[in-house]
Amino acid sequence: MQSSSSVIIGDAPLAPAQVVSVARGGALVEISDGARARVAAARAVIDDRAADPHPHYGVSTGFGALATTFIAPERRRQLQASLIRSHAAGTGAEVETEVVRALQLLRLQTLASGHTGVRPVVVDTYAAMLNAGITPVVREYGSLGCSGDLAPLAHVALAAMGEGDVRDAHGELMPAADALSAASIEPLVLVEKEGLALINGTDGMLGMLLLALHDLETLVTTADLAAAMSIESQLGTDAVFAADLMALRPQLGQATSAANLRAFLRDSPIVHSHKGPEDGRVQDAYSLRCSPQVHGAVRDTMAHAALIGERELASVVDNPVVTTDGRIASNGNFHGAPVAAVLDFLAISVADVASISERRTDRALDPARSHGLPPFLAHEVGVDSGLMIAQYAAAGIVSELKRLAVPASVDSIPSSAMQEDHVSMGWAGARKLRRAIDGLARVLAIELITGARALDLRAPLQAGPATGAVRDLVRTVAAGPGPDHFLSPDMEAVTELVRSGAVARTAKEHADV
């Protein structure tokens, strides 16, 4: 669905929310007048160097390990087309539309910077493709994250040339030439420097980082709410989340998660029911008591990753670049190391949040630890299995998330005849982070199903306003206590509530967060 609002390209660095709005919401893009003037001025520099008999990398030479090979003027258009065709060497499954749109948008921002040397028509073509909903088919494997996301970006450039396959605005697969024709977009015929400018960038890994951070904002709040449901239904205490105790360790993320837990457990009759001196327990297990410490760590990791993402959004990533004083200068800014490192960092934190969530779920199902709940929350113990296998699913996902937490950024592998002898693997880090986020949403959904059933089984005691409202939301798509039934649809439906942000929004609305 296309948004009627436009995102202006060229006046200022894009904001993360703008990237999400174009990638997911179909917002239109518009090139500023200032950007057009800068693009034209930079192109004039390239045209001047193209006439120079002395070689200039990317303008009158080959690429990578062939950088010292001079290319005669009459062969340069073929050189640019050959670069794109040869580099569009991705393989595997199609990458998601939102990722490709983010990649297209971020490359467009760099093209509009006036530092890449492309003609204005290139900028206009990329903008027109985005606005027409033309999404090039990009394959999952092929990028080493240096020189940027070469293969994914080459697939986009290939489509702009009218070659390869695309998805149209309705998701239909078709030849790029047909899609461009239907949108009245002329295929590009690339000239000097333009092939390099279209493929040298960290746009794919950056786009996936920004989408991941957007998703995690919702998921980490959902994790706080899921923890609150588990603490409440397992007769845990909220006293350990007191603001003065949190102030003794001034970690910002921890303080935010603890404040959420206090708000989500506020006015809970269940928590109030066991606050007196008759409750002889000294302290809860770590998975309950230390929830803000673990959830807070991912919040702090997200804050660091967001800082790196914002810096990257303000960057011009190309090689060579046209400098403000008119030089054409080679550089190494295409290396994805800054982005790759935080992608791996986030995958570690995602695995940790999912791990503590699964431990809370397991406690609810164990009568030795759940403080009075039936085994596996089953209706008729021995006949019914309750949520036994739902916990198996969570455990299986957490096990995979631990494997996905192994860093990709330390696994450099040389390429291009040792010219590119150290690469970032940032694209791979981003791909596994997307899978990890999907797994976290599912693990949290299983904890919510468990917590909702456990709260029901505490009747006649009532849940608090926030946890009770989320329990009621879960009940709109998943059955409550009773004989065993087909559980998988419940898990899928609650996962969708988590992903959509409905759980987090409901909790906030009933807790004044």
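Computed from a predicted model, the values in this text were never measured in an experiment.
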How long is the span from the [atom1] atom in [X] to the [atom2] atom in [Y], to the nearest 0.5 Å?
X: Leu105; Y: Ile9; atom1: CG; atom2: CD1; result: 5.0 Å
X: Thr135; Y: Leu130; atom1: OG1; atom2: CG; result: 8.0 Å
X: Leu206; Y: Ile308; atom1: CG; atom2: CD1; result: 11.0 Å
X: Leu433; Y: Phe345; atom1: CG; atom2: CZ; result: 12.5 Å
X: His214; Y: Arg24; atom1: NE2; atom2: CZ; result: 5.5 Å
X: His295; Y: Leu225; atom1: NE2; atom2: CG; result: 11.0 Å

Query raised in the report: Stepwise, does the salt bridge (Lys or Arg N to Asp or Glu O under 4.0 Å) test hold for Arg167 with Glu94?
Result: CA-CA 10 Å; Arg167 298 276 177 183; Glu94 287 186 40; 2.7 Å; yes

Report task. Carefully, step by step, assess Thr361 and Leu387 under the rule side chain to side chain contact (heavy atoms under 4.5 Å, CB included). Result -> CA-CA 9 Å; Thr361 294; Leu387 299 180; over 6 Å; no

Check for a donor-acceptor pair, side chain of [X] on one end and backbone N or O of [Y] on the other, with a separation under 3.5 Å.
X: Glu194; Y: Val191; result: yes
X: Arg101; Y: Val22; result: yes
X: Arg475; Y: Ala478; result: yes
X: Lys508; Y: Val503; result: no
X: Ser291; Y: Ser287; result: yes
X: Asp168; Y: Glu172; result: yes
X: Thr506; Y: Ala502; result: yes
X: Ser181; Y: Ala177; result: no
X: Ser113; Y: Thr110; result: yes
X: Trp427; Y: Glu140; result: yes

Query raised in the report: Who passes ring pair (Phe, Tyr, Trp, His ring centres under 6.0 Å) against His115, sequence neighbours left out?
Result: none

May I ask you to say whether [X] pairs ionically with [Y], meaning some side-chain N is under 4.0 Å from a carboxylate O?
X: Arg499; Y: Asp215; answer: no
X: Asp224; Y: Arg299; answer: yes
X: Arg434; Y: Glu96; answer: yes
X: Asp352; Y: Lys402; answer: no

Query - salt bridge (Lys or Arg N to Asp or Glu O under 4.0 Å) between Arg119 and Asp47, intermediate numbers included - result: CA-CA 10 Å; Arg119 293 166 297 157; Asp47 288 340; over 6 Å; no

Query - Side-chain touch Glu400/Arg403, heavy atoms, less than 4.5 angstrom - result: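 Yes, close enough: below the 4.5 Å cut-off.
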
Quick check: are there more than 12 heavy atoms from other residues, nucleotides or ligands sitting under 6.0 Å from [atom1] of [X]?
X: Phe334; atom1: CZ; result: yes
X: Arg359; atom1: CZ; result: yes
X: Glu186; atom1: CD; result: no

Query - Stepwise side chain to side chain contact (heavy atoms under 4.5 Å, CB included) check, Glu30 with Val7 - result: CA-CA 6 Å; Glu30 182 179 340; Val7 171; over 6 Å; no

Requested in this report: Could you please spell out the steps behind the side-chain hydrogen bond (donor to acceptor under 3.5 Å, both in side chains) verdict for Asp11 and Ser32?
Outcome: CA-CA 6 Å; Asp11 283 347; Ser32 74; 3.0 Å; yes

Report task. With side chain to side chain contact (heavy atoms under 4.5 Å, CB included) as the test, would you mind laying out the steps for Val29 and Asn131 before giving the verdict? Result -> CA-CA 7 Å; Val29 299; Asn131 288 342; 3.5 Å; yes

Query - salt bridge (Lys or Arg N to Asp or Glu O under 4.0 Å) partner of Arg442, the single match among Glu492, Glu358, Glu447 - result: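 Of the listed options, the one satisfying the test is Glu492.
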
